[in-house]
Amino acid sequence: SSGLAVNDQVPDSPTNNFSTLNPLMNDPSNLVTYSEGNLKSAQTNRYFSGCSSMIMSKAIGGKWYFEASAVAGDGNNPVIGVTQLKPIMSAIFNNATGTQGRAYEYHSYDGARRSPVSSGVGTQDGSGSNTYRHEANWGSTWQLDIMSVALDMDNMKVWFGLNGAWQDSGDPAGDANSAFSSLDDEDYVFWLQDGSGGADNDTTWIANFGQDSSFAGTETAQGNADANGIGDFYYAPPSGFLALCTANLP
């Protein structure tokens, strides 16, 4: 019990466990290295950088909040969002390369929102099973910043925040100006991607599902809890949105 920093202690307990990044989910062609209790992920090429170990289900519903900090990069261009569980699992466990799944995303290099073609937002990008719609300059560009995601599984909407500012005048608490609405009725996980807009974009992420607002000691902890008094977030979760942990599950 020596050599431990304050941020090495997290509030998980036998009665409440927080989500982490899922170490079993990996891109076989571009392996992710996990550390810091599976909250830190480092990639060596591009695409998949991690997803939440807990699932947000349409059957269960609820409103969920998540933060992640991009702390280092070579080429940068990280991506954050939510992705459907079944396609990403199928791609990974069938050794698909360049794993992406069917995701609703916020891209850093051009401030774009990107989604499956069925969403009808933006111009069509790609073809076949990997067809997306891409709307550049939807939000601000970003690189090594603290990002927020609010996912409403009751109404199938998602919002994206940059350094505490919800993009496109978004207001998750007021149910206004979501990045995407009418998400496909599927199960979802929070999603981190290594890079976009070109190869060899290496990004190191540190995720926070409510257990460490210092992001492994890279920031000053802020201590914001959700409406149930649970969690340690850098930015205050929107009213009604909760930490992804067992105590908040029905």
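Remark: the backbone N or O of Asn77 is paired with a side-chain donor or acceptor of Gln143 at under 3.5 angstrom. For the pair Gln211 (side chain) and Ser19 (backbone), a donor-acceptor distance under 3.5 Å is present.
Taking 4.5 Å as the limit, every side-chain heavy atom of Asn22 sits out of range of all side-chain heavy atoms of Val189. Side-chain contact between Met156 and Asp185 is present, with at least one heavy-atom pair separated by less than 4.5 Å. Side-chain contact check for Leu192 versus Leu21: some heavy-atom pair is nearer than 4.5 Å.
Listed by chain and residue number, Tyr104 satisfy the ring pair (Phe, Tyr, Trp, His ring centres under 6.0 Å) test with Phe180 (two or more places apart in sequence, or in another chain). A search for side-chain contact (heavy atoms from CB on, under 4.5 Å) contacts involving Asn137 returns nothing, not counting sequence neighbours. In terms of the side-chain contact (heavy atoms from CB on, under 4.5 Å) criterion, residue partners of Gln167 (sequence neighbours excluded) are, by chain and number, Tyr106, Trp138, Ser140, Leu162, Ala165. Remark: Phe209 engages Phe66 in a ring pair (Phe, Tyr, Trp, His ring centres under 6.0 Å) (not counting sequence neighbours). The side-chain contact (heavy atoms from CB on, under 4.5 Å) check on Ala59 picks up Ser57, with sequence neighbours excluded.
Think of Phe18 as one node in a network of Ile, Leu, Val, Met, Phe, Trp and Tyr side chains linked at under 4.5 Å; its network also takes in Ile230. Ile206 belongs to a hydrophobic cluster with Tyr65, Val71, Ile146, Trp159, Trp166, Phe215, Phe233, Tyr234, Tyr235, Phe241, counting contacts under 4.5 Å between side-chain heavy atoms of Ile, Leu, Val, Met, Phe, Trp and Tyr, direct or through other members. Here Val10 is tied to no hydrophobic group at all, with no ILVMFWY side chain closer than 4.5 Å. Clustering of Ile, Leu, Val, Met, Phe, Trp and Tyr by side-chain heavy atoms under 4.5 Å joins Ile60 with none of the others.
Across every non-hydrogen atom of Gly62 and Asp154, the tightest pair is N-OD1, 2.9 Å. Of all non-hydrogen atoms in Gly240 and Lys63, the two that sit nearest each other are O-CB, 3.5 Å. Nearest heavy atoms, Gly210 versus Pro11: O-CG, 4.4 Å.
Rounded to the nearest 0.5 Å, atoms CG (Asn208) and OG (Ser213) are 6.5 Å apart. Rounded to the nearest 0.5 angstrom, Asp184 CG and Lys58 NZ are separated by 11.5 Å. One finds the CG atom of Asn224 at 8.0 Å from the CD atom of Glu67 (value rounded to the nearest 0.5 Å).
For the salt bridge (Lys or Arg N to Asp or Glu O under 4.0 Å) condition, the pairs that include at least one residue of residues 133-147, sequence neighbours left out, are Arg113-Glu135. For the side chain to side chain donor-acceptor pair (under 3.5 Å) condition, the pairs that include at least one residue of residues 169-179, sequence neighbours left out, are Lys157-Asp175.
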Full working for side chain to side chain contact (heavy atoms under 4.5 Å, CB included) between Val158 and Tyr188: CA-CA 11 Å; Val158 64; Tyr188 286 85; over 6 Å; no
From CA spacing to verdict: side chain to side chain contact (heavy atoms under 4.5 Å, CB included), Met25, Trp191: CA-CA 11 Å; Met25 300 291 273; Trp191 155 262; over 6 Å; no
Report, one line per pair, each donor and acceptor closer than 3.5 Å where one atom sits in a side chain of residues 242-250; sequence neighbours left out.
unit_1 : atom_1 : unit_2 : atom_2 : d
Thr246 : OG1    : Asn16  : OD1    : 3.4
Thr246 : OG1    : Asn17  : N      : 2.9
Asn248 : OD1    : Asn228 : ND2    : 2.9
Asn248 : ND2    : Asp226 : OD2    : 2.9
Asn248 : ND2    : Ala243 : O      : 2.9

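With 3.5 Å as the limit, one finds no donor-acceptor pair spanning the side chains of Gln222 and Asp232.
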